[in-house]
Amino acid sequence: MKKLLVLGAGTAGTMAANKLRRRLDPRDWSITVVDQDDAHHYQPGYLFIPFGIYDRDDVVRSRHHFLADGIDLELGEIDRVEPEACVVRLLDGRTLHYDQLVIATGTTPRPDQTPGMLGPEWRRSIFDFYTLEGAEALAKALPGLDHGRLVVHITEMPIKCPVAPLEFTFLADAWLRERGLREQVELVFVTPLDGAFTQPVAAEYLGSMLEERHIVVEPDFMVERVDAENRTLVSYDEREVPFDLLVTVPLNMGADYIARSGLGDELNYVPVDKHTLLSTAYSNVFALGDASDIPASKAGSVAHFACEVFVENFLQHVNGLAMTGSFDGHANCFVESGDERALLIDFNYDTEPLPGRYPLPVVGPLSLLKETHANHLGKLAFRHVYWNVLLPGRPIPLPAHMSMAGKHVPVKKE
Ligand SMILES: Cc1cc2nc3c(=O)[nH]c(=O)nc-3n(C[C@H](O)[C@H](O)[C@H](O)COP(=O)(O)OP(=O)(O)OC[C@H]3O[C@@H](n4cnc5c(N)ncnc54)[C@H](O)[C@@H]3O)c2cc1C
């Protein structure tokens, strides 16, 4: 009996285990998944919690519920991987052996990595919404904001769901307008990037949306520390951004056990081949989802599309065949823009987000890089698709690879 061990029962680990359970003969392969707790979080739902649209019950389910029969779930914190011995040690002393290992332990916000971020003002005037507790604390604090400066801040890239801070900013603008408070609250978007987003066409479009809404952008801001006492962000080049309420996305990092195991880069992401997801160091280790160092967005959609390619590759690999699947970095994300509208972006390693229709050319029904109500309904419906189709690993009628059908390449202005 061969052993497949999956570290992390989040989006990527759950999908991969479920898909492989259907394809690997249970007489030949056991599948074990390890996670530190039994609470699966639908993280895209955190965005809506500060605005009272979702609460904890909408975003948390037991992990057991989603793992197919024939998959063992071990609950415990991973201490280290010993890749030469093909062993994983848990903090409680348990040892798990493997023939093949899939690392899918994601990425985590680390406010401890920025001086002054944690401290007496944490969750008083300094908040995050990348954790359930942070989003819930913000839901309590936001109704108290009736004047002053609301600063939305990204510490450093890469972060998971790089559009989520923009979505938060657009939703905050709409939320303040609905309450007649927008004139009294200055809204500021502070980013280490040189604009609203990483890719030129989307950056221009999203940048103009910020401008229309009179949201001040502070670009190229590399935060050095938070001066919590004076409620100010301070950058390495000594710029200062004062705030009354700070909503920050702390530095995102892969799990610490990856560093302890000598498996990661400086942010604890596992170096892999960006097309096969196979570790560059070990031929029986793959990394899926946010845990890997692939130059794609850290997003559930990327985990999903990559997983489709990974499963076929894995089956070839363990049967001694060359892997023929090649992941193209396909990502697609809804971007909530307030007033019950949203955009959709669809892109990959080589093609930036472009305007057009999705998934079908002309018909859509979704629009790319354009605010529509249909996109907003798509975003809300996605939670049901996540729980009922994606996590169980059921087939979804969308190709894993990005398609140019329906996309328009804008003509460059002279
Ligand atoms: C606010 C927000 C909004 C988002 N919106 C979107 C969106 O609209 N669209 C989209 O596609 N994506 C979105 N995402 C990103 C998406 O949620 C992640 O990219 C996705 O969950 C990644 O899946 P993963 O399996 O790699 O990691 P995760 O789902 O985070 O799973 C990692 C698992 O590993 C476990 N783990 C970690 N360390 C250890 C350890 N030492 N021992 C044991 N277990 C461990 C964790 O408990 C966790 O269950 C959003 C994320 C956030 C925070």
Side-chain angles (χ1 to χ4, degrees), residues 5-17 33-50 54 59-61 63 66-67 73-81 88-92 94 96 102-109 128-132 134-135 138 158-168 171 247 249-250 252-261 268-270 277 287-292 294 296-307 330-336 342-346 375 378-380 382-383 385-386 390-391:
L5 188 57
V6 179
L7 303 183
T11 309
T14 304
M15 283 190 298
V33 182
V34 184
D35 207 296
Q36 55 204 351
D37 57 40
D38 188 23
H40 188 115
H41 289 209
Y42 173 62
Q43 297 174 44
Y46 295 167
L47 173 71
F48 294 118
I49 291 177
Y54 284 175
V59 301
V60 184
R61 302 265 189 282
R63 297 191 196 276
F66 297 105
L67 289 167
L73 174 61
E74 294 281 348
L75 294 180
E77 194 174 334
I78 300 152
D79 179 32
R80 65 182 64 238
V81 180
V88 171
R89 296 194 191 283
L90 306 189
L91 272 182
D92 60 13
R94 274 178 289 165
L96 303 167
V102 173
I103 297 178
T105 36
T107 183
T108 313
D128 76 309
F129 69 99
Y130 267 48
T131 58
L132 180 56
L138 198 47
I159 55 170
K160 50 186 156 185
C161 196
V163 293
L166 279 171
E167 295 182 278
F168 182 89
L171 288 181
V247 178
V249 179
N252 280 203
M253 286 178 74
D256 284 339
Y257 81 84
I258 290 176
R260 287 197 292 273
S261 312
N268 303 347
Y269 297 128
V270 182
L277 294 321
L288 282 184
D290 296 349
S292 88
I294 60 171
S297 277
K298 294 198 177 298
S301 60
V302 173
H304 160 67
F305 294 129
C307 198
H330 188 192
N332 62 27
C333 303
F334 289 105
V335 186
E336 274 296 295
L343 296 78
L344 178 65
I345 52 176
D346 188 60
N375 287 342
K379 172 110 182 171
L380 294 185
F382 188 72
R383 186 167 59 104
V385 175
Y386 182 82
L390 284 181
L391 279 189

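One-based numbering, in listed order, for ligands and for the atoms of each.
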> Purely on distance, is any nitrogen or oxygen of Y130 under 3.5 Å from one on ligand 1?
Replying inline: no
>> Could you identify the single nearest non-hydrogen protein atom to atom 40 (C) of ligand 1 and state the distance to 0.1 Å?
In response: Q36 OE1, 3.6 Å
> Relative to the heavy atoms of Y257, which atoms of ligand 1 are at a distance of less than 4.0 Å?
Replying inline: 41 (N)
> In terms of side-chain heavy atoms, does Y386 have a donor or acceptor partner in H40 at a distance below 3.5 Å?
Replying inline: yes
> Which class fits the ring pair Y42 and F382: parallel under 30°, tilted 30 to 60°, perpendicular over 60°?
Replying inline: tilted
> Is there a donor-acceptor pair under 3.5 Å between the side chain of S292 and the backbone N or O of V270?
Replying inline: no
>> Tell me whether N252 contacts the main-chain N or O of I159 through its side chain, where contact means a donor paired with an acceptor under 3.5 Å.
In response: no
> Nearest to atom 34 (O) of ligand 1, what protein heavy atom do you find, and at what distance?
Replying inline: T105 CA, 3.3 Å
> Considering only the protein, which heavy-atom contact is closest to atom 25 (O) of ligand 1, and what is its distance?
Replying inline: A12 N, 2.8 Å
>> Below 3.5 Å, N or O to N or O, backbone or side chain included: is there any such pair between S301 and ligand 1?
In response: yes
> Do the side chains of S301 and F334 get nearer than 4.5 Å, heavy atoms only?
Replying inline: no
>> Tell me whether ligand 1 is touched by A104 - counting only heavy atoms on the residue side and a distance under 4.0 Å.
In response: yes
>> Looking only at protein heavy atoms, which one is nearest to atom 27 (O) of ligand 1, and what is the separation?
In response: G106 CA, 3.5 Å
> Considering only heavy atoms of K379, which atoms of ligand 1 have at least one such atom less than 4.0 Å away?
Replying inline: 8 (O)
>> For ligand 1 and C161, I'd like to know whether there is a polar contact (N/O to N/O, distance under 3.5 Å).
In response: no
>> I need the atoms of ligand 1 closer than 4.0 Å to a non-hydrogen atom of G76, numbered in the order shown.
In response: 43 (C)
> Heavy-atom contacts under 4.0 Å between R63 and ligand 1: side chain, backbone, both, or neither?
Replying inline: side chain
> Do V102 and L277 touch side chain to side chain, with heavy atoms closer than 4.5 Å?
Replying inline: no
>> Evaluate L343 against V163 for side-chain contact (heavy atoms from CB on, under 4.5 Å), listing each step before the verdict.
In response: CA-CA 11 Å; L343 296 78; V163 293; over 6 Å; no
>> Among all the protein's non-hydrogen atoms, which is closest to atom 42 (N) of ligand 1, and how far away is it?
In response: I78 N, 2.9 Å
>> Quick check on contacts: which atoms of ligand 1 are under 4.0 angstrom from a heavy atom of G289?
In response: 26 (O)
>> Using a 6.0 Å distance limit plus a 45 degree cone around the ring axis, check whether R383 lies over the aromatic ring of Y54.
In response: yes
> At a 4.0 Å threshold, what atoms of ligand 1 neighbour a non-hydrogen atom of E77?
Replying inline: 41 (N), 42 (N)
> Quick one: which of L7, I103, L96, I258 gives a side chain to side chain contact (heavy atoms under 4.5 Å, CB included) with I78?
Replying inline: L7
> Is the backbone of Y257 close enough, under 3.5 Å, to the side chain of R80 for a donor and an acceptor to pair up by distance?
Replying inline: no
>> Whether R94 and E74 form a salt bridge (side-chain N of Lys/Arg under 4.0 Å from carboxylate O of Asp/Glu) is what I want to check.
In response: yes
>> Only heavy atoms of A299, strictly under 4.0 Å: list the atoms of ligand 1 that pass.
In response: 10 (C), 11 (O), 12 (N), 19 (O)
> Identify the closest protein heavy atom to atom 31 (O) of ligand 1: which residue and atom is it, and at what distance?
Replying inline: G10 CA, 3.3 Å
> Would you find a donor on one side and an acceptor on the other, under 3.5 Å apart, between the side chain of Y269 and the backbone of T107?
Replying inline: no
> Does any N or O atom in G300 lie less than 3.5 angstrom from one in ligand 1, N or O only?
Replying inline: yes
> Side chains of V335 and E167: closer than 4.5 Å at any heavy-atom pair?
Replying inline: yes
>> I'd like to check whether Q43 has a polar contact with ligand 1, where a contact means an N/O of the residue lying under 3.5 Å from an N/O of the ligand.
In response: yes
> Checking D79 side chain against R89 main chain: does a donor-acceptor pair fall under 3.5 Å?
Replying inline: no
>> So for ligand 1, is T11 a polar contact partner (N or O within less than 3.5 Å, distance only)?
In response: yes
> Which of the atoms of ligand 1 are close to K298, meaning less than 4.0 Å from one of its heavy atoms?
Replying inline: 19 (O)
>> Is the shortest side-chain heavy-atom distance between L288 and V6 below 4.5 Å?
In response: no
> Quick one: does E167 get a heavy atom under 4.0 Å from ligand 1?
Replying inline: no
> Can you tell me which residue and heavy atom of the protein come closest to atom 18 (C) of ligand 1, and the distance to 0.1 Å?
Replying inline: D290 OD2, 3.3 Å
> For atom 47 (O) of ligand 1, which protein heavy atom lies nearest, and how many Å away is it?
Replying inline: D35 OD1, 2.7 Å
> ligand 1 versus P44, non-hydrogen atoms closer than 4.0 Å: side chain, backbone, both, neither?
Replying inline: both
